[in-house]
Structures are given as C-alpha cells and as structure tokens.
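Each remark here refers to the structure printed beneath this line.
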Amino acid sequence: MDHPSTKYKEIELPNPVTMARASSPPRPTLPRRSEPRSWKATARERYPLTSSLTGPGRAGKQGTLLGASGGRYEGEVLAGRPHGRGQYFVQKEAGSQEWVLQYEGEWIQGRREGFGTRHYASGEVYSGDWSANLRHGTGRYEYSNGDLYVGQWADDKRNGSGTMYMASGDIFIGNYLNDRREGMGTLYMMGRQKKYVAEYVRDSPRCGTVLEIDDNDLAPLRGHLASLAAARKLDAAAAGEAIARLPPLGLLQPNKVLAEQVVSVRKQRGAPSGPGPAAGGSAALRAVQAASGNLSERDIEMLRHSFTLMAAGDGPDVGLLPHQLRELVVMAGLDPAAPATRSLVEELMRRRAASTGRISFDAFMLVATHFQDTAVAAASNAAVDAAAAQATATLAATVGSRGVVAGTGLAHLLAGATAAAAEAAAAEEAAAAEASVGVIYEDEAEGEEAEEAEEGQVDPEVSAAAAAVAQQPAATGADEEEQFLPAEGEEYGGEGEAGAEEGGEGEGGEGDGQDEA
C-alpha cells in the first residue's frame with residue numbers, strides 16, 4: 001500500500017482565473033496617440049528625419065510626423081521613421097500655416113531612397129534616383145533659367161554621361177565630373193545648324209572641330225535629336241532665315257594640329273598632381289579619362305610614331321595601305337584581338353581615299369583623336385536614352401498641372417520626343433500601308449489568273465444555247481417590243497434579284513475592304 005510522502009508537500013494549483021489567463025493567447029495593449037509627436041531635428045539639413053519618434057502610423061501604415069524645424073511628413077511610417085512612399089512639406093514662411101511640398105517619393109529608414117522628386121525654393125526641380133538623401137543614379141534637373149539636365153548623378157552631383165538641353169535650343173552630350181563638363185563632348189547648336197566636337201577641361205572647351213549638324217562624320221544625330229534638328233531647320237526655312245555654311249579650311253592637315261592639342265590636354269589630365277610642370281591631374285580626372293573610352297595620350301603618340309615610321313613621314317602625300325594596319329597597331333602596342341582595336345581598324349578602313357585606297361596621315365589622326373570604344377559609347381548612349389525616356393515618362397504626370405514654358409530645355413526635350421514618336425508612327429503607318437497594298441496586289445493577281453483560266457474553258461450548256469440562238473430566225477420589231485417569259489420567269493427573276501443584292505453586298509464589302517486598306 002502506497003502512503004503519501006511526508007517529505008514533499010502537495011502542489012497547490014493557482015485559482016481558475018489565473019489558469020484561464022495563462023492559457024489564453026496574448027493580447028498586448030499598444031499605445032495609440034491621435035496627435036502627431038515631434039522630434040529634435042539633426043544638425044545637418046539633409047538628414048531631417050533620422051531621429052524621429054513614432055506618430056499615429058506604425059508598421060508601414062499611413063502616418064504623420066512633425067519636425068521641430070517646421071517640416072511635416074505624411075505617408076508610410078515604420079519604426080517611428082518615414083519608410084515607404086510619402087511627402088515632406090515645409091512652411092512657406094516662418095510661422096505661416098501654408099505648406100509647400102518639398103519632396104515626394106520613396107523613403108527607407110527616414111532617408112530619401114529610390115525614386116523621388118525634390119522641389120527647391122529657387123523653383124528648380126530634381127526628379128530621379130536617390131541614395132542616402134543624395135541624388136545618386138539617373139535623373140533630370142530643371143534649372144530656373146530654363147535649362148534641363150538629363151543623365152547620371154553620383155554623390156549629389158552630375159557625374160557620368162548626360163545631356164544638357166539649354167533654353168537657347170542648344171544641346172550638349174558628353175561626360176560630367178563634379179558638375180562640370182570633362183572629356184570629349186559634343187555641343188549641337190540647333191539654331192545655327194552646327195555641331196562642336198571638343199575636348200572639355202573643367203567645363204571649358206580646349207580644342208575641337210566645328211562641323212555641319214547634318215554631317216555624319218563625327219557625332220551624327222540620332223533619335224529625337226535628328227527629329228528636333230530637322231524641325232529647327234524647317235522652322236528657319238519657313239521664317240526665311242538663311243543658314244550660313246562653313247567655309248573650307250585653308251590648312252592642309254588640320255587634324256594634325258588638333259591631335260597635338262588633344263594629346264597635350266589628355267596628358268595634363270592624366271598627369272599626377274604635384275609641383276612639377278606636368279602636374280594638374282587627379283585620380284578622378286584619370287578615372288574619367290580611363291572610363292571615357294577614348295585613346296590615351298600615350299596610345300595616340302604611339303600610333304602617330306608608328307604611322308610616321310611605316311609611311312616614312314607625316315606629310316599630306318604619304319599614306320598607308322589597309323593591309324599595313326595590323327602591323328601598325330602591333331607596333332603601337334595595342335592588342336589586335338581586342339574589340340576596341342578592331343573597331344579602330346574598321347573606322348580607319350572607312351577613311352581610305354577613293355582614288356588611291358590609302359589612309360592619309362590627317363585622316364588617321366582624326367580617327368585617333370575622336371575614337372571612342374564601341375562598348376563604352378553604346379553604354380553611354382543607353383544610359384542617356386534611358387534617362388531621357390524616364391524623364392519623358394514621368395513628365396506626363398507633372399506637366400499637365402504646371403505646364404511647360406516655351407523655349408526651355410524641357411520644351412525642347414518634349415518637342416524632340418514628340419517629333420521622334422510622330423516619325424516612328426508615320427513609319428509604322430507607311431509599313432502597314434505597303435503591306436496592305438501588297439495584299440491587294442496579290443488578290444488582284446489571283447483574280448486575273450482565275451479570269452484567264454475561266455476564259456480558257458467553254459461551258460457545254462453555254463455553247464449549246466449559243467448554237468440554238470444561231471439556228472433561230474432573226475427577231476422582228478414586234479418580237480423585240482413584246483417579250484415573253486417562261487412559266488418559271490418569276491422564280492428566275494427572284495433569283496436574279498437576290499443575286500443582284502448579293503452582288504451589291506459583295507461590292508459593298510469589297511469597298512469596305514479597300515477603305516480599310
């Protein structure tokens with residue numbers, strides 16, 4: 001027989017209410033506040049929302065946050081900070097109750113991250129990519145003077161490939177470094193129908209070539225730029241404005257002189273910084289030179305020396321044959337199997353003289369100084385086109401509310417995009433019309449073939465009827481006036497009317513088909 005233990009006491013269970021609460025799921029009570037709470041603004045203006053407190057919204061839901069400096073945020077909130085999509089407003093004046101939108105877009109952990117639009121007090125607007133409250137990626141910037149920049153950004157500055165649409169109508173395409181033009185770039189002067197392909201240093205052109213804007217030699221027009229240039233040319237012709245043509249150069253070898261200047265500029269850009277006479281470069285400038293896809297000053301010099309040795313001079317009468325180009329690039333120290341070298345050789349092959357088949361020294365130096373790697377050029381063009389497409393796509397939501405001022409860079413961008421779209425639509429319509437005309441021609445040819453085949457065959461019933469008519473006597477006038485129909489004449493007549501109606505429908509249907517075509 002088991003006896004209860006005297007060493008251990010019997011366990012006493014809690015009361016039923018306590019047991020019920022312990023077994024039920026947790027139901028925490030979270031704080032809820034109807035009024036927005038404020039936070040202390042940080043010292044740096046570009047981080048206004050990094051130390052905020054929780055407002056009425058939480059866990060990505062809609063909420064409102066107020067700042068000590070007067071700012072107000074409305075949008076999605078997570079962990080007490082803007083997170084998701086929202087708007088940030090500031091007071092128009094100190095102590096004013098009128099709010100002005102400063103930023104609208106995406107946020108992550110209280111910082112501007114992703115795509116957004118920033119409105120500045122000067123009236124300028126930036127719309128594009130953000131990273132850590134800095135403009136970083138691709139975007140467009142509308143200046144107060146009417147200019148428009150579309151391109152790449154890095155560390156809150158214009159860095160990389162970009163396009164500047166100026167209020168005057170001119171368009172610049174090239175590379176930027178710290179908000180300044182750097183490297184090879186092209187300025188399209190739409191009003192004068194000229195283009196300037198130059199080497200830029202710290203936002204200033206040092207040396208370059210001026211050509212007609214429709215010249216396909218250097219930096220040819222493409223896409224919406226070609227449509228915009230054609231529209232400007234038509235406008236000038238309609239207004240009776242004469243466009244002056246460039247006079248011919250008096251120099252025998254102008255590209256030889258230009259190459260010397262380009263080599264000097266690139267040598268100064270790539271030189272290490274220091275007290276020496278060749279100083280002036282920096283790591284950023286050397287990076288721009290390396291990423292531009294152009295030939296360095298050393299490569300140009302080696303190509304020039306190799307040409308001089310192989311052609312026994314650099315005068316206007318000397319030249320190289322196409323089969324000597326491979327030996328030349330090897331002598332210059334370039335890799336003949338590299339894609340950039342093959343592109344260089346192909347460009348040189350297109351510069352052969354039609355009469356002698358040789359490549360002159362001046363044409364050789366023109367290619368060497370303006371050469372850009374195909375892959376780099378394609379990547380730059382793709383980046384600029386993507387930024388322009390993004391700009392035109394996002395403008396659809398904002399242009400309607402604020403309008404577009406005529407004669408601004410934004411108006412030029414939209415005009416070029418509209419002209420290019422109209423040209424593409426016209427090309428599609430022309431292709432569709434040609435296709436439909438081809439179908440009609442095929443149908444007509446098939447119909448003619450069928451008619452010819454039917455003409456070759458004689459129906460026996462028709463021939464018998466013709467023979468019977470030939471055997472009958474000639475009809476008199478009375479027989480012509482009085483016509484007798486057989487007993488089934490009504491049925492025949494009905495079928496004839498029905499056939500006529502069907503024939504009318506067929507003709508109408510065919511007419512509709514021709515209208516559609």
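None of these values were measured; they are calculated from a predicted model.
Scanning for side chain to side chain contact (heavy atoms under 4.5 Å, CB included) contacts around Glu182 gives Leu177, Val201, Arg202, Arg269, Leu285, Val288, with sequence neighbours left out. For Tyr149, the ring pair (Phe, Tyr, Trp, His ring centres under 6.0 Å) partners two or more places apart in sequence, or in a different chain, are Trp153, Tyr176. Residues satisfying the side chain to side chain contact (heavy atoms under 4.5 Å, CB included) test with Ala237, not counting sequence neighbours, are none.
The side-chain heavy atoms of Trp99 and Lys92, taken from C-beta on, include no pair separated by under 4.5 Å. The side-chain heavy atoms of Leu334 and Leu344, taken from C-beta on, include a pair separated by under 4.5 Å. The side-chain heavy atoms of Ile359 and Val367, taken from C-beta on, include no pair separated by under 4.5 Å.
Between Asp147 and Ala167, the shortest heavy-atom contact is OD1-N, 2.8 Å. Across all their heavy atoms, Gln253 and Pro316 have their closest contact at NE2-N, 3.5 Å. The two residues Ala332 and Leu303 come nearest to each other via the heavy atoms CB-CD2, 3.6 Å. In this structure, Pro205 and Ala198 approach most closely via the heavy-atom pair CB-CB, 4.1 Å.
Side chain of Lys195 to main chain of Asp215: a donor-acceptor pair is present (N/O by atom type, distance under 3.5 Å, no hydrogens or angles). Between the Asn133 side chain and the Arg111 main chain, no donor and acceptor come within less than 3.5 Å of each other. Of the possible polar contacts, none joining the Thr308 side chain to the Asp314 backbone as a donor-acceptor pair under 3.5 Å is found. Using modelled atom types, no side-chain atom of Gln193 and backbone atom of Ile213 make a donor-acceptor pair closer than 3.5 Å. Checked by atom type and distance alone, the side chain of His119 never pairs as donor or acceptor with a backbone atom of Val125 at under 3.5 Å. Between the side chain of Asn159 and the backbone N or O of Asn178, at least one donor-acceptor pair lies under 3.5 Å. Using a distance-only test at 3.5 Å, with no hydrogens or angles considered, a donor-acceptor pair links the side chain of Glu76 to the main chain of Arg85.
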Requested in this report: Please step through salt bridge (Lys or Arg N to Asp or Glu O under 4.0 Å) for the pair Asp217 and Arg351, ending with a clear verdict.
Outcome: CA-CA 10 Å; Asp217 190 9; Arg351 299 285 178 173; 2.5 Å; yes
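Side chain to side chain, Ser343 and Thr374 meet the donor-acceptor criterion of an N or O pair below 3.5 Å.
Taking the charged nitrogens against the carboxylate oxygens, Glu106 and Arg112 have no contact shorter than 4.0 Å, which rules out a salt bridge. Using a 4.0 Å cut-off between charged nitrogen and carboxylate oxygen, Arg342 and Glu346 do not count as a salt-bridge pair. Salt-bridge check for Lys194 with Asp170: failed, with every basic side-chain N at 4.0 Å or more from each acidic carboxylate O.
Rounded to the nearest 0.5 angstrom, Ile173 CD1 and Met184 CE are separated by 14.5 Å. Taken from CZ in Arg72 to CD in Gln102, the straight-line distance is 15.0 Å, to the nearest 0.5 Å. Here the CG-CG distance, from Asp155 to Asp179, works out to 11.0 Å after rounding to the nearest 0.5 Å. Rounding to the nearest 0.5 Å gives a distance of 10.5 Å between CG of Asp129 and CD of Glu113. Distance check, rounded to the nearest 0.5 Å: OH of Tyr126 to OH of Tyr141 gives 10.5 Å.
Pairs engaging residues 305-361 under the ring pair (Phe, Tyr, Trp, His ring centres under 6.0 Å) rule: Phe307-Phe361, Phe307-Phe364 [sequence neighbours left out]. Sorted by first and then second residue, the pairs that involve residues 195-223 and meet ring pair (Phe, Tyr, Trp, His ring centres under 6.0 Å), not counting sequence neighbours, are Phe172-Tyr200.
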Could you list the donor-acceptor pairs under 3.5 angstrom formed by side chains in residues 257-264, with sequence neighbours left out?
none

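Within a 6.0 Å radius of CD in Glu327, other residues, nucleotides and ligands contribute 12 heavy atoms or fewer.
Put simply, the residue from Glu301, Glu297, Glu199 that forms a salt bridge (Lys or Arg N to Asp or Glu O under 4.0 Å) with Arg266 is Glu199.
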